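Below is one structure; the comments refer to it alone.
We use all heavy atoms of the structure for the numbers below, so side chains are in, but hydrogens, waters and symmetry mates are not. Whatever order the structure lists ligands and atoms in, that order sets their numbers, starting from 1. Computed from a predicted model, the values in this text were never measured in an experiment.
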Amino acid sequence: MVSRHDRGMANSPNHYPDVFDDPQFVELYADRVAQMMPMVRDLHRMVTILLAEHAPDDARILVLGAGGGLETRSLAEAAPGWTFDAVDPSKPMLELAARTLEPHAPRVVMHHGYIDDAPSGPFAGATSLFTLHFLPEDERRRTVAEVRRRLAPGAPFVVAHLSFPHADDAERELWLRRHVATLLASGNAPADVDKARNAIATEVPVLSPERDRAVLQEAGFTDVTEFFSAFTLHGWVGYA
Ligand SMILES: C[S@@+](CC[C@H](N)C(=O)[O-])C[C@H]1O[C@@H](n2cnc3c(N)ncnc32)[C@H](O)[C@@H]1O
């Protein structure tokens with residue numbers, strides 16, 4: 001990597017799930033993503049297309065929650081002139097990203113921390129995949145606003161994460177059941193599916209798609225468009 005910002009994280013009310021500090025979980029992360037979310041490669045292609053609509057060939061791209069390095073690798077392969085600032089609070093996940101991104105190391109700067117630890121930009125685009133659902137709504141809005149502050153005017157921010165309607169317990173249970181059924185139908189082990197369900201039900205502050213869109217708008221993003229919707233996984237693009 002060009003450099004490793006290991007200066008400790010800026011003061012932040014954030015915290016992230018312990019599982020990202022578990023070496024065994026991190027070791028199996030890439031396989032697990034492919035198994036839990038078979039559409040992830042398609043999603044990476046859509047993210048690339050949405051960023052490339054506005055980003056020049058030599059764009060500087062911000063990747064928030066870049067642990068594992070999978071989306072940065074896809075973007076790096078698709079756009080050989082882009083450079084990346086990859087931000088993540090989990091050291092093991094950042095170390096895995098460093099290994100995943102080894103062939104692209106001269107184009108990636110890693111930052112250990114949260115959005116407050118990211119450079120000020122200006123970036124030509126930003127993305128955050130499977131990450132924002134871990135942030136409670138107020139912190140999510142603050143984080144998204146901090147992303148926007150780092151983007152050039154009109155630059156795209158592409159996000160995708162868990163989101164489902166839950167006006168009442170019955171609706172919440174319905175979507176959790178559908179999520180579980182999808183994971184089982186994709187061949188995941190029932191014990192792993194059980195763990196994932198419990199984590200979502202108890203630790204992940206999932207918003208409804210309406211609130212997710214509103215958070216992006218309240219943080220100042222314009223033309224917010226839902227480009228992806230697959231049961232409990234949704235994606236939006238908005239413009240700074
Ligand atoms: C499920 S992983 C997704 C990693 C990668 N984006 C991908 O698509 O494979 C979630 C990542 O978000 C990171 N994370 C959790 N809270 C965060 C926050 N507040 N800011 C940035 N990253 C965060 C975790 O450390 C973890 O690496």
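If you look at F130 next to ligand 1, the close heavy atoms, those under 4.0 Å, come from the backbone and the side chain alike. Contacts with ligand 1 closer than 4.0 Å are made by no heavy atom of T143, backbone or side chain.
In terms of N/O distances under 3.5 Å, ligand 1 is approached by G65. An N or O contact shorter than 3.5 Å links E71 to ligand 1 by distance. The shortest N/O to N/O separation between H44 and ligand 1 does not fall below 3.5 Å.
Put simply, the side chain of V144 does not reach to within 4.5 Å of the side chain of L135, judged on heavy atoms. Side-chain contact between Q24 and E27 is absent, with no heavy atoms from C-beta onward closer than 4.5 Å.
Across all non-hydrogen atoms, the minimal contact from D212 to L162 is OD2-O, 4.3 Å.
Side chain of D117 to backbone of Y114: a donor-acceptor contact under 3.5 angstrom is found. Proximity of a side-chain donor or acceptor of R107 to a complementary backbone N or O of A76 within less than 3.5 Å is detected. A donor-acceptor distance shorter than 3.5 angstrom exists from the side chain of S163 to the backbone of L207, with no hydrogens or angles considered. Between the side chain of T127 and the backbone N or O of V158 there is at least one donor-acceptor pair closer than 3.5 Å.
Nearest-heavy-atom check against atom 26 (C) of ligand 1 across V87, V40, D88 picks out D88.
Which parts of ligand 1 touch L135 is read off a 4.0 Å heavy-atom cut-off, strictly below it: atoms 18 (C), 19 (N). Proximity to F134 (heavy-atom distance under 4.0 Å) selects the following atoms of ligand 1: 10 (C). Contact atoms of ligand 1 toward M93: 27 (O) (distance under 4.0 Å to a heavy atom of the residue). Ligand 1 places these atoms under 4.0 Å from at least one heavy atom of L129: 3 (C), 5 (C), 6 (N), 8 (O).
Within a 6.0 Å radius of CG in D168, more than 12 heavy atoms belonging to other residues, nucleotides or ligands are found.
For P89, the heavy-atom gap to ligand 1 drops under 4.0 angstrom.
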